[in-house]
Chemist: 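To start, I am sharing the structure in question, which I have written as structure tokens.
Here the structure is a predicted model, which is why all the values come from computation and not from measurement. One-based numbering along the sequence shown.
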Amino acid sequence: MSFFEVPLSNGWTFKDRDDHAPDAWMPVVAVPSTVQQDLIANKRLEDPYIGLNELKAQWANEKAWVYRTEFKRPDIPAAAAVDMIFDGLDTFAYVTLNGRNILTSDNMFIGHRVDVTKLLLESDGPHVLEIVFECAQLKAQEIRNKYPDHKWEGFNGDLSRLAIRKAQYHWGWDWGPVIMIAGIWREIRLEVHTARVAEIWPQVQLVPNHKTATITVTAEIDVATSGCYTVSFYLSLRGHQIACENISVKIESGKQIVAKLKINDPDLWWPHGYGSQPLYEISVAVSADHGKRLHKASKRIGIRSAEVVQQPDKHGKSFFFRINGKDIFCGGSCWIPADSLLPSISQERYRSWINLMVNGGQTMVRVWGGGIYEDKAFYEACDEMGLLVWQDFMFACGNYPVWPDLLESIQQEVTYNICRLRHHPSIVIYAGNNEDYQVQEQTKLTYNYDDKDPNSWLKSDFPARYIYEKLLPEAIANLSPGTFYHPGSPWGDGKVTSDPTVGDIHQWNVWHGTQEKYQIFDTLGGRFNSEFGMEAFPHISTIDYFIENESDKFPQSQVMDFHNKADGHERRLATYLVENLRMATDLETYIYLTQVVQAETMMFGYRGWRRQWGNNRECGGALLWQINDCWPTISWAIVDYFQRPKPAYYTVKRAMEPLAVGVCREHHDWSIVHARPPTKTKYEVWVVSNRDEAINATVELRFLSVVSGENLRPPIVQDVTVTSNGTTTVISDGVIDHTAQPEPHVLAARLWINDRVVARDADWPQPFKYLDFSDRGLAVEIQNGNGPEEQTLAITALKPIKCLVFEELGSVKFSDSALDIMPGDRQVLTVLGLREHALPLKYRYLGD
């Protein structure tokens with residue numbers, strides 16, 4: 001065998017570097033791991049996710065640690081080399097092999113390859129590998145103190161975080177704990193080879209009519225001994241070889257070989273909901289001159305074009321994505337790391353998260369800049385399931401310094417990660433940072449957009465501009481030239497970051513800022529809304545996990561507040577609850593009410609902004625903050641740490657259906673008019689579609705009494721031709737005369753195609769706290785489904801019902817939830833696992 005790998009995952013021990021007691025060394029179950037995980041396994045640390053244990057774990061943040069293992073030397077063929085590969089060391093790591101230093105690393109985001117051939121050949125072993133991890137928290141503070149002239153400005157966490165290249169959320173964020181992990185957070189292995197394919201860089205050129213594609217494949221070959229070799233390039237799809245090219249050449253280590261492979265009538269890669277996701281496999285093999293294959297490596301790619309369309313229009317300047325020539329409304333979520341203890345995120349867990357987003361109708365995920373460049377399993381799942389990726393670089397909420405050795409480290413980080421990610425068809429945009437331009441604005445750092453001299457940026461009090469507007473765009477241009485680069489998020493051509501006419505914006509004037517009513521969310525948007533959100537409590541079983549004592553299970557307990565890291569969350573939650581809903585003090589009802597507010601907030605945003613898509617692409621997308629949590633907590637996530645969806649998950653799903661109907665009345669601000677009801681209310685009805693073709697359909701609008709469930713006036717039924725990939729206005733000037741019909745109305749819209757309801761929407765009189773939801777006449781009938789695990793639920797009501805939520809326990813899954821049920825409109829859902837787990841069907845609705 002000419003190429004093989006030896007994982008170094010077992011046999012490790014670790015200890016506090018400064019503990020010299022004979023029993024200081026403790027066993028490590030396996031690496032990758034973190035100090036905190038290993039301390040928990042050795043019963044030296046309580047689970048920091050439970051109760052107030054995060055405070056008890058702070059001491060581990062302030063220590064230096066040593067990891068040590070012994071291993072046997074692998075068989076090393078003649079003329080072979082042995083490399084030791086470190087995929088991730090967090091963060092200040094000093095590595096010795098047999099007592100000799102082989103690596104010093106100070107950047108968590110960089111992998112390393114070290115030639116250890118000579119060291120291993122010196123003795124049979126055992127060979128001793130030892131890694132000292134300095135305390136990142138103390139090192140960051142020490143480095144910060146060396147540069148007092150830099151303006152250390154930012155939001156969230158100790159701002160010494162800006163001085164080092166470590167995941168910024170480890171310092172704590174407004175949704176996460178302060179857990180400064182350290183250790184071997186990604187794999188370590190030995191690689192023995194005589195020749196290897198070190199890198200495969202496929203670049204796809206797709207002609208505008210999509211009839212042909214050319215793939216330029218650059219392969220980098222490393223050899224232990226220079227000589228004549230044959231490099232073979234293979235292209236296959238679904239196991240069938242399409243093209244092949246063999247190149248014989250003399251190779252010295254690091255040699256780049258280029259081949260061009262042409263495809264006629266390629267199968268295009270599409271976002272899910274717009275087409276399939278075929279993945280071509282590019283394989284490169286290197287063989288000796290006598291024909292023996294020495295190594296083969298592969299990457300999977302998708303053939304597609306992707307661009308961000310920015311053109312002047314009547315709204316300012318557009319910002320939307322076009323894939324394979326088709327305009328795509330990018331509704332989706334922002335993503336934070338799925339755990340504070342990173343190695344605990346398995347490949348299966350990644351896939352489950354991506355599957356949740358895809359099943360929730362989401363088209364794009366934004367990898368936020370305060371976390372990590374994610375594991376390959378994340379991007380591979382996005383490729384396979386058709387989820388577009390907005391990829392931030394790892395800079396967030398701060399004024400980053402740029403001394404020369406830090407810039408050099410950033411350059412290495414960027415190069416390493418672009419090369420690692422650039423073949424993924426799901427990645428369609430890189431953004432330079434998260435909210436760093438907002439920090440510049442709010443702290444009044446110098447920024448003159450018209451100054452185009454990078455050297456002057458380095459000398460200013462906002463030197464990080466050099467990273468975002470020179471270093472990063474040049475790296476993208478050199479290493480992934482086909483991918484769009486955006487200097488920051490939010491950012492728009494140097495204008496203020498809140499400008500709604502250009503670029504993307506983070507719209508936080510609901511919840512943060514001016515705390516506007518969520519009912520007007522659609523009026524607050526911009527050309528692309530890349531952050532917005534509303535907090536909600538997680539499922540009661542998640543709260544049961546992190547609260548140990550029954551006495552703490554009430555909404556305002558210390559433990560509950562400790563697990564909500566958002567500044568001012570008590571006031572903000574209380575404001576939105578008291579404005580809209582009748583208050584409750586029992587925990588389960590309080591949880592539900594916060595979830596209703598979040599679900600309604602997301603609905604108003606997504607429904608309105610998707611409607612604007614059809615208005616000359618006024619809004620190009622909406623990425624809510626956030627899809628997930630990094631620990632069991634109370635946050636803006638619409639799916640909690642244990643992957644339990646909140647009701648908002650389902651309201652977003654319905655708003656993002658390929659065909660959706662919308663109905664909305666004008667906002668009547670009850671707080672300004674002192675709760676006086678309106679005399680007349682205007683309303684509008686529309687249909688949105690992402691289909692390629694126009695569709696004939698029928699829209700029905702009913703005017704239902706909240707009190708009796710009766711029709712207050714005859715329904716409006718209108719045949720429409722739904723325009724392709726846009727918005728069709730059905731009613732633009734509807735009016736409700738409340739003097740003639742004073743009972744509160746629900747406007748209930750249904751979209752029919754061929755006598756089948758394909759979409760529903762309901763607009764309710766606001767606020768809900770004024771409405772009487774008693775005696776709704778709800779009936780839920782459980783019936784057999786299509787398989788042994790599947791059942792159906794047939795749901796009817798005598799009076800309008802708001803936000804009927806089914807409780808998802810264990811592996812029980814519902815096809816829909818958070819439903820509005822109208823009289824005379826029977827809805828049927830499927831449920832999996834209810835019978836198998838012998839669990840009761842539990843549900844509740846507003847006012848229940």
Chemist: Do you know which two heavy atoms are closest between K296 and S298, and how far apart they sit?
Modeler: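 That would be CE-OG, 4.4 Å.
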Chemist: Can you tell me if S318 and D313 form a side-chain donor-acceptor pair at under 3.5 Å?
Modeler: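 Their side chains do not contain a donor-acceptor pair, so the 3.5 Å distance test is not met.
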Chemist: Looking at the rings of F395 and Y468, which for Trp means the six-membered one, are their centres under 6.0 Å apart?
Modeler: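 Yes, they do, as the ring centres are separated by less than 6.0 Å.
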Chemist: Within 45 degrees of the ring normal and closer than 6.0 Å to the centroid, is that where the cationic atom of R611 sits relative to W609?
Modeler: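 Judged by the rule (NZ or CZ under 6.0 Å from the ring centre, within 45° of its axis), R611 is not positioned above W609.
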Chemist: Under 3.5 Å, is there a donor-acceptor pair between the side chain of R366 and the main chain of L623?
Modeler: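 Checked: no pair found.
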Chemist: Below 6.0 angstrom between ring centroids: does that apply to F321 and F528?
Modeler: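 Ring centres of F528 and F321 closer than 6.0 Å.
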Chemist: Please confirm whether K255 makes a cation-pi placement over Y229, using NZ or CZ under 6.0 Å from the six-membered ring centre and within 45° of the ring normal.
Modeler: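 Relative to the ring axis of Y229, which defines the angle, K255 lies outside at least one limit.
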Chemist: Is there side-chain contact between D692 and K326, with at least one heavy-atom pair below 4.5 Å?
Modeler: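 A side-chain contact under 4.5 Å exists here.
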Chemist: Does K299 reach the side chain of W201, with side-chain heavy atoms less than 4.5 Å apart?
Modeler: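 When only atoms from C-beta onward are counted, W201 and K299 do not touch, as no gap falls below 4.5 Å.
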Chemist: Do you know the tightest heavy-atom contact between Y350 and D375?
Modeler: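 Where Y350 meets D375 most closely, the heavy atoms are CE1-CB, 3.6 Å.
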Chemist: Taking only residues two or more places apart in sequence, or in another chain, which ones meet D383 in a salt bridge (charged side-chain N to carboxylate O under 4.0 Å, His left out)?
Modeler: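 Result, salt bridge (charged side-chain N to carboxylate O under 4.0 Å, His left out) vs D383: none returned.
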Chemist: Can you tell me how the ring of F319 sits relative to the ring of W390, calling it parallel under 30°, perpendicular over 60° and tilted otherwise?
Modeler: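 Tilted, since the angle between the ring planes falls between 30° and 60°.
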Chemist: Quick check on side-chain hydrogen bond (donor to acceptor under 3.5 Å, both in side chains): which of N434, T497, D504 does S489 satisfy it with?
Modeler: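 By the side-chain hydrogen bond (donor to acceptor under 3.5 Å, both in side chains) criterion, S489 pairs with just one of N434, T497, D504: D504.
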Chemist: Would the W353 and F378 ring centres measure less than 6.0 Å apart?
Modeler: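 Centroid separation for W353 and F378: 6.0 Å or greater.
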Chemist: For the residue pair Y437 and W491, does the interplanar ring angle fall in the parallel (under 30°), tilted (30 to 60°) or perpendicular (over 60°) class?
Modeler: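 Answer is tilted, since the angle falls between 30° and 60°.
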